[in-house]
2 protein chains.
Amino acid sequence: MAPKHESNQCPMESILGQIMGPWTPYILWLLSNEESLRFGQLSALIPDISAKVLTDRLRKLEASGLVHRDYQPTVPPTVYYSLTDRGAELHEVLQGLNEVALRWDAEDRKKRLIPVTEIIAAE
Amino acid sequence: MAPKHESNQCPMESILGQIMGPWTPYILWLLSNEESLRFGQLSALIPDISAKVLTDRLRKLEASGLVHRDYQPTVPPTVYYSLTDRGAELHEVLQGLNEVALRWDAEDRKKRLIPVTEIIAAE
DNA sequence: GCAAGTAGTTACCTTTTGGTAACCATTGAA
DNA sequence: TTCAATGGTTACCAAAAGGTAACTACTTGC
């Protein structure tokens, strides 16, 4: 069974149930860096996600009150997604995570480059 | 297909691939609040997780270098899990997330209590 | 009159994930 | 002599998640 993140006890489990899962935090992070993003823009920024899954994630985030959906009945229709005030409260946490990600990435790159460096040094 | 978090481009996607998914951030958070926890303790702290899944998560975190496994060949065996230095770098982010979680939980509790308050006020 | 473009939805099928129960080793205690 | 205790593993099965292709609506431009 998937974690019963609804029924609970612990606030941490509850928030994790809302924002965890494949793609979800990534979507939140993209939205937290822009005023708003259209469906197609999100789709382009996350090439490996299918429309079905992207829709599903956005609907769930909307249901949790973290994302706002602004449907403009133009032709063709235009839909803007943005963080709600509550969603925006995740900005700092996501930035913090991104900083750790950048640090680890730099460290790992450096490690992976050592062999190359040795080859150059040996010439 | 599950997100291809290995092959990538973006550090944020990469870190999310390592720490996201059901139970994983929760395990990290529990470990970030203790020196170490034994398998059975983690199991007891997360009642809904099965041994199979807990093992799987711990093995993956170990493979990512975020968790250290200390097997003591006593009888019966004792295994201590703790965060590595890299894993410990997530502490602040997890604390930040927990603070947001506590705030939302308090807000939601307050909102859920309003009807009760109204009933009392109406008496 | 047909294609393009947006933001999806739906049905169908495959893959992945997770649960459950049984089993493992080893030794001390009842 | 048999049970309990720890930290798992394995096989088997059910459920959930996700991919793909087809289809929707509506109007503008070719």
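Because the structure is a prediction, the values reported are computed rather than measured. Here is the naming used below: chain letters follow the sequence lines, and residue numbers restart at 1 for every chain.
- In the helix from C:dG1-D:dC30 to C:dA30-D:dT1, the rotation axis of the first five pairs and that of the last five pairs differ in direction by 30°, rounded to 10 degrees.
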- Determine, for nucleotides 21-30 of chain C in 5'-to-3' order, which nucleotides have protein heavy atoms under 4.0 Å from the base (write B), from only the sugar-phosphate (write S), or from neither (write -). -----BS---

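- Non-hydrogen atoms lying under 4.0 Å from DNA chain C are contributed by A:R38, A:F39, A:G40, all within residues 36-46 of chain A.
- For A:L54 and C:dA7, the CG to C1' distance is 10 Å, given to the nearest whole Å.
- B:E107 meets the side chain to side chain donor-acceptor pair (under 3.5 Å) test with A:R86; sequence neighbours excluded.
- Distances shown here put every side-chain N or O of A:R57 at or beyond 4.0 Å from the OP1 or OP2 atom of C:dG8.
- Not a single donor-acceptor pair under 3.5 Å links the side chain of B:S36 to the backbone N or O of B:S82.
- Distance A:L58 CG to C:dT6 P: 17 Å, rounded to the nearest Å.
- Within the 4.5 Å cutoff, the side chain of B:S14 has heavy atoms near those of the B:Q18 side chain.
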Side-chain polar contacts of residues 88-98 of chain B - donor-acceptor pairs under 3.5 angstrom, sequence neighbours left out - could you list them?
residue	atom	partner	partner atom	Å
B:E89	OE1	A:R103	NE	2.9
B:E89	OE1	A:R103	NH2	2.7
B:E89	OE1	A:W104	NE1	3.1
B:H91	ND1	B:S32	O	3.2
B:H91	ND1	B:S32	OG	3.3
B:Q95	NE2	B:N33	OD1	3.2

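- Taken from CG in A:D56 to OG in A:S50, the straight-line distance is 9.0 Å, to the nearest 0.5 Å.
- Every residue two or more places apart in sequence or in another chain was checked for a side chain to side chain donor-acceptor pair (under 3.5 Å) with A:K52, and none qualifies.
- In this structure, B:I46 and B:I27 approach most closely via the heavy-atom pair CD1-CG1, 3.8 Å.
- With D:dG18, D:dG8, D:dG19 as the candidates, the nucleotide lying closest to the side chain of B:R59 is D:dG8.
- Residue B:Y81 is classed as a sugar-phosphate contact, given heavy-atom separations below 4.0 Å to backbone atoms only.
- Here the C1' atom of nucleotide C:dT20 and the CG atom of B:D56 are 16 Å apart, to the nearest Å.
- Every pair passing side chain to side chain donor-acceptor pair (under 3.5 Å) that includes a residue from residues 67-79 of chain B is listed here, sequence neighbours excluded: B:R69-B:Y81, B:D70-B:Q72, B:T74-B:T78.
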- A:D105 and A:R109: CA distance, side-chain angles, deciding distance, salt bridge (charged side-chain N to carboxylate O under 4.0 Å, His left out) verdict: CA-CA 6 Å; A:D105 184 60; A:R109 258 176 225 287; 3.0 Å; yes

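- Taking atom CG of B:D48 as the reference point, atom P of C:dG18 lies 13 Å away to the nearest angstrom.
- If you take CG of A:D70 and P of C:dT6, they are 17 Å apart, rounded to a whole angstrom.
- For C:dG18, neither phosphate oxygen OP1 nor OP2 lies less than 4.0 angstrom from any side-chain nitrogen or oxygen of B:S50.
- Counting heavy atoms from C-beta outward, B:L31 and B:L66 have side chains that stay 4.5 Å or more apart.
- One interatomic measurement links the two molecules: NZ of A:K60 to P of D:dA16, which rounds to 12 Å at whole-angstrom precision.
- Listed by first and then second residue, the salt bridge (charged side-chain N to carboxylate O under 4.0 Å, His left out) pairs involving residues 33-45 of chain A amount to none (not counting sequence neighbours).
- Distance A:Q72 CD to C:dA7 C1': 13 Å, rounded to the nearest Å.
- B:R69 has no side-chain polar atom (N or O) that falls below the 4.0 Å cut-off from OP1 or OP2 of D:dG7.
- A continuous path of ILVMFWY side-chain contacts below 4.5 Å connects A:Y26 to A:V53, so both sit in one hydrophobic cluster.
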